[in-house]
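Lettering follows sequence order; numbering is per chain, from 1.
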Amino acid sequence: SQKIEQNSEALNIQEGKTATLTCNYTNYSPAYLQWYRQDPGRGPVFLLLIRENEKEKRKERLKVTFDTTLKQSLFHITASQPADSATYLCVPSNDYKLSFGAGTTVTVRA
Amino acid sequence: EAQVTQNPRYLITVTGKKLTVTCSQNMNHEYMSWYRQDPGLGLRQIYYSMNVEVTDKGDVPEGYKVSRKEKRNFPLILESPSPNQTSLYFCASREGQGIGGYTFGSGTRLTVV
């Protein structure tokens with residue numbers, strides 16, 4: 001069965017630094033991959049979608065890469081701010097069935 | 001405002017008492033889905049619907065039912081709730097496959113005693 005692994009349960013960084021989150025998947029060949037942000041007790045919020053034929057996508061301070069050979073996606077938050085503190089979820093997908101990674105919790109210290 | 005609305009936000013019920021959690025979206029999205037989120041297990045898909053009258057099982061469908069009689073509504077039905085269905089539930093919708101991301105509701109925190 002497919003497996004999604006997101007790096008370390010928690011990531012603590014200093015304000016202004018770049019946070020890099022890793023998402024690895026196995027037994028799966030997704031056509032696209034999504035990243036979401038989730039705050040405690042609230043629904044996930046969509047951030048970015050990258051397709052298998054795209055190597056990189058950017059949105060403001062966010063950058064996502066998608067390497068189908070390595071079966072890996074990297075999610076970068078540049079110039080991080082305390083407001084970026086949240087859990088970030090990786091969601092590789094091919095169809096209507098979704099599998100969410102467990103998430104990486106990011107804490108940005110002022 | 002484009003949104004997915006779930007009701008109720010909080011619900012405490014007793015084992016075996018049938019309940020329905022409603023979900024409605026105002027974006028004319030074709031696809032809707034239900035998830036449950038439990039500590040340490042992340043979000044798991046319960047059921048999804050590709051369009052009206054078209055539904056399919058996700059990863060954890062046991063003990064749940066859904067229906068999609070109208071495009072905007074996708075209720076989750078627990079015919080005989082049990083304590084192991086105590087969880088945080090989310091409904092989500094999207095326009096279609098591979099088009100943008102999902103819009104999630106605010107969640108329903110269900111406790112079954």
Side-chain angles (χ1 to χ4, degrees), chain A residues 1-10 21 23-25 27-54 57 59 62 64 66 68 73 75 86-105, chain B residues 2-7 9-10 21 23 25 27 29-51 54-61 66 68 74 87-110:
Chain A
S1 62
Q2 64 192 54
K3 187 176 180 181
I4 303 163
E5 290 183 338
Q6 294 191 239
N7 68 316
S8 67
E9 293 182 0
L21 285 63
C23 174
N24 294 296
Y25 55 90
N27 301 323
Y28 199 32
S29 295
Y32 55 95
L33 191 146
Q34 304 174 58
W35 283 88
Y36 289 80
R37 168 191 172 131
Q38 186 175 26
D39 294 289
R42 308 193 69 168
V45 174
F46 171 70
L47 296 174
L48 283 164
L49 180 151
I50 185 167
R51 292 184 169 78
E52 61 180 339
N53 61 348
E54 298 174 313
K57 185 164 268 190
K59 178 183 176 182
L62 307 178
V64 172
F66 191 11
T68 56
S73 175
F75 179 83
T87 296
Y88 292 86
L89 307 171
C90 166
V91 189
S93 182
N94 253 335
D95 51 24
Y96 294 106
K97 292 195 71 171
L98 292 190
S99 294
F100 282 78
T104 298
T105 298
Chain B
Q3 60 185 359
V4 176
T5 302
Q6 291 179 232
N7 280 298
R9 287 295 310 277
Y10 301 91
V21 183
C23 174
Q25 49 95 3
M27 297 165 281
H29 284 170
E30 290 184 349
Y31 172 83
M32 298 185 74
S33 184
W34 275 101
Y35 302 85
R36 62 178 288 174
Q37 187 169 35
D38 303 288
L41 294 178
L43 278 152
R44 293 180 291 168
Q45 192 174 40
I46 303 171
Y47 269 96
Y48 60 96
S49 169
M50 290 79 81
N51 215 322
V54 183
T55 63
D56 206 349
K57 297 177 180 178
D59 294 321
V60 288
V66 293
R68 187 91 181 273
F74 190 43
S87 187
L88 179 58
Y89 291 86
F90 291 104
C91 179
S93 73
R94 74 180 293 182
E95 185 176 344
Q97 185 178 351
I99 303 173
Y102 296 82
T103 301
F104 280 79
S106 298
T108 295
R109 189 168 292 280
L110 173 66

Closest-packed option against chain B by number of heavy-atom pairs under 4.5 Å, given A:Gly101, A:Ala102, A:Pro44: A:Pro44

Engaged part of A:Thr87 at the chain B interface, taking heavy atoms whose separation is under 4.5 Å: neither

Per-residue contact mode, A:Leu48 against chain B (heavy atom under 4.5 angstrom): neither

B:Tyr35/B:Phe90 aromatic ring centres below 6.0 Å: no

Ring pair (Phe, Tyr, Trp, His ring centres under 6.0 Å) evaluation trace for A:Tyr36 with A:Phe46: CA-CA 5 Å; A:Tyr36 289 80; A:Phe46 171 70; 5.6 Å; yes

Whether A:Phe100 and B:Phe104 hold their rings parallel, tilted or perpendicular, with breakpoints at 30° and 60°: perpendicular

Contact class of B:Gln6 relative to chain A, heavy atoms under 4.5 angstrom: neither

A:Phe75 and A:Trp35: CA distance, side-chain angles, deciding distance, ring pair (Phe, Tyr, Trp, His ring centres under 6.0 Å) verdict: CA-CA 8 Å; A:Phe75 179 83; A:Trp35 283 88; 4.8 Å; yes

